[in-house]
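As structure tokens, the structure follows; a few thoughts come after it.
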Amino acid sequence: GINLLNDGYKLEFAVEVCKAMMFLYEEGMEDLLLEDIGSVSDVVWAPEYISMRKRVTDKLKEIMKKYGADYEHIRKWGFAQQGSKWGFIQPGSSWSDASCAVKYYLLEQRKNMSFDFSNIYFFNNFSQEETRKRSEKFFSDSKIKPDAFFKSIILCKALAAIALNKLELPGIINHETNTCTIQRGMRRETLLKNPGYGAIAEGEIFRGLIKHGIADSVALGAPPRGFTKPFFCDVIEMELPFSRFHFVYFLSPEFCEDDAPKDKLISLKADFPSQHECLCDMSKIPLKLKRKAQF
């Protein structure tokens with residue numbers, strides 16, 4: 001809660017996330033999580049992790065009903081964010097109407113929304129007004145109840161914090177500092193627009209203001225193949241507090257495609273990145289830059 005306040009979020013939002021965490025603890029959610037998740041590449045495909053995702057998600061659905069939330073809203077958002085069934089890169093986009101609804105909601109939870117928006121990097125260069133319009137379009141569907149949708153996002157954020165606090169991933173999750181190291185590919189031409197970026201050597205900490213998203217996908221460990229395509233990139237590395245994580249994809253069967261047909265499995269292992277991905281707030285954080293082209 002204190003981290004959320006320090007990050008620029010409103011007191012009311014920090015309180016709601018903390019209440020959701022306590023609710024999840026009381027319902028026994030932590031006990032359903034594996035402590036040691038091994039290497040990141042194992043997270044999707046090992047049988048014990050498939051079993052973990054099922055029990056965690058079944059419990060989350062049950063808890064959401066008690067909390068006035070709805071897991072179907074999360075499914076709808078997730079597939080709009082990531083793409084079609086079985087993980088192939090299809091119409092899913094982090095700038096879908098559903099994704100904009102999540103982004104705009106999180107922006108509304110900031111103490112200084114307009115200032116924060118002007119200091120956030122957006123791939124499509126959307127304006128604050130365009131993001132709001134896409135959010136409103138998403139909620140024009142009468143089946144989507146805004147209050148239930150927002151409570152669902154809060155519960156997922158609370159679950160991400162609980163999971164990262166328990167899981168062991170040496171070199172990535174640091175339980176002494178309650179932080180997790182992530183990586184992300186970005187356009188070099190965009191990074192070079194930030195004053196001083198070009199003078200920073202690989203591995204040095206960049207402490208100037210750099211624009212990043214409030215709800216963007218990142219990778220645990222090295223980004224998987226395709227994570228930085230189709231443009232020439234630098235890889236940036238960030239150490240984020242657990243409070244910055246909104247969603248951990250590998251805790252959900254839908255986003256790891258546990259029910260994919262066997263004939264699709266080889267392709268999924270090569271191209272589907274959810275075993276590596278989380279959704280995070282990366283705004284206003286010093287970076288450890290990896291000035292390395294992906295291809």
Side-chain angles (χ1 to χ4, degrees), residues 1-33 56-57 59-74 77-78 98-117 119-120 128 131-132 135 138-139 144-167 173-180 182 212-216 218 239-248 251-252 278-285:
I2 292 172
N3 280 342
L4 284 171
L5 293 176
N6 291 338
D7 288 343
Y9 285 94
K10 297 176 182 176
L11 174 62
E12 295 82 0
F13 181 71
V15 169
E16 286 303 312
V17 173
C18 290
K19 285 168 62 177
M21 288 182 68
M22 290 188 289
F23 193 71
L24 290 173
Y25 276 122
E26 289 171 357
E27 292 289 327
M29 179 62 84
E30 183 188 30
D31 298 333
L32 304 180
L33 295 164
V56 166
T57 302
K59 186 66 175 179
L60 184 59
K61 291 176 181 177
E62 175 188 321
I63 291 172
M64 281 188 169
K65 288 181 180 179
K66 295 181 181 180
Y67 204 75
D70 189 342
Y71 189 78
E72 287 305 307
H73 289 346
I74 296 299
W77 162 77
S99 298
C100 284
V102 171
K103 288 176 170 64
Y104 198 76
Y105 168 67
L106 292 169
L107 279 166
E108 287 185 308
Q109 307 316 305
R110 304 291 288 236
K111 298 172 187 174
N112 194 337
M113 179 180 177
S114 295
F115 174 80
D116 286 350
F117 193 98
N119 285 285
I120 289 174
Q128 184 172 327
T131 308
R132 182 186 64 79
S135 175
F138 175 71
F139 288 117
I144 301 172
K145 307 301 180 185
D147 186 60
F149 182 80
F150 299 146
K151 286 182 177 179
S152 302
I153 296 299
I154 286 174
L155 277 170
C156 286
K157 185 172 180 63
L159 175 59
I162 290 172
L164 292 171
N165 190 55
K166 179 172 182 178
L167 299 178
I173 296 178
N174 186 331
H175 290 289
E176 292 184 3
T177 58
N178 290 329
T179 57
C180 183
I182 56 87
H212 278 289
I214 196 170
D216 285 341
V218 300
E239 190 173 350
L240 298 177
F242 296 160
S243 59
R244 289 277 185 146
F245 288 77
H246 306 311
F247 198 88
V248 181
L251 292 179
S252 173
C278 298
L279 190 77
C280 298
D281 177 356
M282 299 186 295
S283 58
K284 304 177 183 176
I285 293 281

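In this structure, Glu27 CD and Leu60 CG are separated by 11.0 Å, a value rounded to the nearest 0.5 Å. Note that CG of Leu164 is 10.0 Å distant from CG of Asn178, once rounded to the nearest 0.5 Å. Taking CG of Leu24 as the start and CE of Met21 as the end, the distance is 8.0 Å to the nearest 0.5 Å. Rounded to the nearest 0.5 angstrom, Lys61 NZ and Ile63 CD1 are separated by 13.0 Å.
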Using the side chain to side chain contact (heavy atoms under 4.5 Å, CB included) rule, take Gln128 and Leu107 through it: C-alpha gap first, then chi angles, then the decisive distance, then the call. CA-CA 10 Å; Gln128 184 172 327; Leu107 279 166; 5.7 Å; no
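Checked by atom type and distance alone, the side chain of Arg110 pairs as donor or acceptor with a backbone atom of Asp7 at under 3.5 Å. Under the 3.5 Å distance criterion, the side-chain polar atoms of Lys166 are matched with a main-chain donor or acceptor of Leu33.
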When the side chains of residues 9-19 are checked against the rest of the protein, which donor-acceptor pairs come out under 3.5 Å, sequence neighbours left out?
{"unit_1": "Tyr9", "atom_1": "OH", "unit_2": "Asp281", "atom_2": "OD2", "d": "2.7"}
{"unit_1": "Lys10", "atom_1": "NZ", "unit_2": "Glu108", "atom_2": "O", "d": "2.8"}
{"unit_1": "Glu16", "atom_1": "OE2", "unit_2": "Lys19", "atom_2": "NZ", "d": "3.4"}

N/O donor-acceptor pairs under 3.5 Å from side chains in residues 152-161, not counting sequence neighbours:
{"unit_1": "Ser152", "atom_1": "OG", "unit_2": "Asp70", "atom_2": "N", "d": "2.9"}
{"unit_1": "Ser152", "atom_1": "OG", "unit_2": "Asp70", "atom_2": "O", "d": "3.1"}
{"unit_1": "Ser152", "atom_1": "OG", "unit_2": "Ala148", "atom_2": "O", "d": "2.7"}
{"unit_1": "Lys157", "atom_1": "NZ", "unit_2": "Ser243", "atom_2": "O", "d": "2.6"}
{"unit_1": "Lys157", "atom_1": "NZ", "unit_2": "Phe245", "atom_2": "O", "d": "3.3"}
{"unit_1": "Lys157", "atom_1": "NZ", "unit_2": "His246", "atom_2": "ND1", "d": "3.1"}

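Here Glu72 pairs with Arg75 under the salt bridge (Lys or Arg N to Asp or Glu O under 4.0 Å) rule; sequence neighbours left out. For Tyr25, there are no ring-ring contact (aromatic ring centres under 6.0 Å, His included) partners two or more places apart in sequence or in a different chain. Checked against salt bridge (Lys or Arg N to Asp or Glu O under 4.0 Å), Lys151 has the following partners two or more places apart in sequence or in another chain: Asp147. Remark: Thr179 pairs with Thr177, Glu239 by the side chain to side chain donor-acceptor pair (under 3.5 Å) rule, at least two apart or across chains.
For the pair His175 and Leu167, the tightest heavy-atom approach, listed with the atom from each and the gap, is NE2-O, 2.7 Å. In plain terms, the two heavy atoms of Ile285 and Arg244 that are nearest each other are CD1-NH2, 3.6 Å. Nearest approach of His73 to Ile144, heavy atoms of both residues: CE1-CA, 3.6 Å. A pairwise comparison of heavy atoms in Phe242 and Asn165 identifies CE1-CA, 3.7 Å as the closest pair. Summarising the geometry of Ile182 relative to Met282, their closest heavy-atom pair is CD1-SD, 4.3 Å, with the distance given to 0.1 Å.
Annotation: side chain of Thr131 is in contact with side chain of Cys100 (closest heavy-atom distance under 4.5 Å). Residues Ile74 and Met64 have side chains in contact (heavy-atom distance under 4.5 Å, counting atoms from C-beta outward). Contact check for Cys278 versus Phe247: no side-chain heavy atoms found under the 4.5 Å cut-off.
A centroid separation of 6.0 Å or more is found between the aromatic rings of Phe149 and Tyr105.
In the displayed structure, Lys65 atom NZ is contacted under 6.0 Å by at most 12 heavy atoms of other residues, nucleotides or ligands.
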